[in-house]
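Just below is one structure, and these are the notes that go with it.
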Amino acid sequence: MNNLFYKVKLYLEANGKTESEFDDNISLQNDSDGNGDYIKTWNVDGLAQPTEEQLNALESQATTLGNNSQVIQTRKDLYGTSAEQLEYIVENGVDDFIEKQNQIKLANPKDN
């Protein structure tokens, strides 16, 4: 479902809309019947529901966006909370903190 989410997000953005359109206007579903994910509800004002071809054209970008989203979440988990980061700075200094953050980024690179 994640890849369909990212495809729809990219489609919205390409057409001057934002991810906030998902809130009450779009629902995605998978009926576990082997047919995969699909758009169940589409009520975006001024924008037609994307065709399968339009969504498929966004496959590569959606995969990159999804992968980067996972990397960002991993980085956040490894960085720790703001309080933990501040404690690290107080105990180890800013230079060590920056080095730690850079190591986390190197170990968890985003796709371009």
Side-chain angles (χ1 to χ4, degrees):
M1 185 95 56
N2 277 344
N3 210 33
L4 179 58
F5 170 83
Y6 292 117
K7 288 179 187 179
V8 171
K9 179 182 183 317
L10 289 164
Y11 176 77
L12 289 168
E13 291 171 354
N15 288 282
K17 303 289 184 178
T18 65
E19 186 179 326
S20 65
E21 293 292 342
F22 270 100
D23 294 343
D24 296 317
N25 303 316
I26 302 170
S27 64
L28 308 179
Q29 189 163 317
N30 185 318
D31 296 330
S32 299
D33 59 2
N35 291 321
D37 305 329
Y38 65 96
I39 299 171
K40 180 179 180 183
T41 307
W42 184 273
N43 296 313
V44 178
D45 190 40
L47 183 60
Q49 180 172 326
T51 64
E52 199 66 34
E53 292 77 24
Q54 288 171 312
L55 292 175
N56 287 341
L58 299 168
E59 181 75 33
S60 176
Q61 289 175 278
T63 299
T64 298
L65 194 60
N67 291 344
N68 285 345
S69 179
Q70 290 176 347
V71 168
I72 289 167
Q73 186 56 54
T74 298
R75 286 182 181 182
K76 285 180 179 180
D77 293 343
L78 293 171
Y79 291 155
T81 65
S82 298
E84 291 169 333
Q85 291 179 39
L86 183 57
E87 181 179 353
Y88 189 92
I89 291 170
V90 169
E91 292 177 358
N92 301 286
V94 173
D95 290 340
D96 282 353
F97 173 75
I98 291 170
E99 179 60 29
K100 178 185 173 192
Q101 304 297 24
N102 286 338
Q103 288 173 356
I104 290 170
K105 286 181 181 179
L106 284 173
N108 299 281
K110 292 191 299 184
D111 293 338
N112 291 326

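Quick note: numbers below take in every heavy atom, side chains included, and nothing from hydrogens, waters or symmetry partners.
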How about [X] and [Y]: do any of their side-chain heavy atoms sit closer than 4.5 Å?
X: Val44; Y: Asn15; answer: no
X: Tyr6; Y: Leu58; answer: no
X: Leu65; Y: Lys7; answer: no
X: Phe97; Y: Gln101; answer: yes

Identify the two heavy atoms, one from [X] and one from [Y], that lie closest to each other, and give their separation to 0.1 Å.
X: Asp33; Y: Asn35; answer: OD1-N, 3.0 Å
X: Tyr79; Y: Lys100; answer: O-NZ, 4.5 Å
X: Leu4; Y: Ile39; answer: CD2-N, 4.1 Å
X: Leu55; Y: Pro50; answer: CD2-CG, 3.7 Å

Checking side-chain contact (heavy atoms from CB on, under 4.5 Å) against Leu28, which of Trp42, Tyr38, Phe22 comes through?
Phe22
For the side-chain contact (heavy atoms from CB on, under 4.5 Å) test, which of Val71, Leu78, Ile72 pairs with Thr74?
Leu78
Within a radius of less than 6.0 Å around CG of Asp77, do more than 12 heavy atoms belonging to other residues, nucleotides or ligands occur?
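More than 12 heavy atoms, drawn from other residues, nucleotides or ligands, come within 6.0 Å of this atom.
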If you count heavy atoms of other groups shown closer than 6.0 angstrom to CG of Asp24, is the number above 12?
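Open: at most 12 neighbouring heavy atoms sit under 6.0 Å from CG of Asp24.
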Check step by step if side-chain contact (heavy atoms from CB on, under 4.5 Å) holds for Glu19 and Phe5.
CA-CA 10 Å; Glu19 186 179 326; Phe5 170 83; 3.5 Å; yes
Do Thr63 and Asn3 pass the side-chain contact (heavy atoms from CB on, under 4.5 Å) test, and can you show the C-alpha distance, the side-chain angles, and the key distance before you say yes or no?
CA-CA 6 Å; Thr63 299; Asn3 210 33; 3.8 Å; yes
Rounded to the nearest 0.5 Å, how far apart are CD of Glu21 and OH of Tyr11?
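Those atoms lie 11.5 Å apart.
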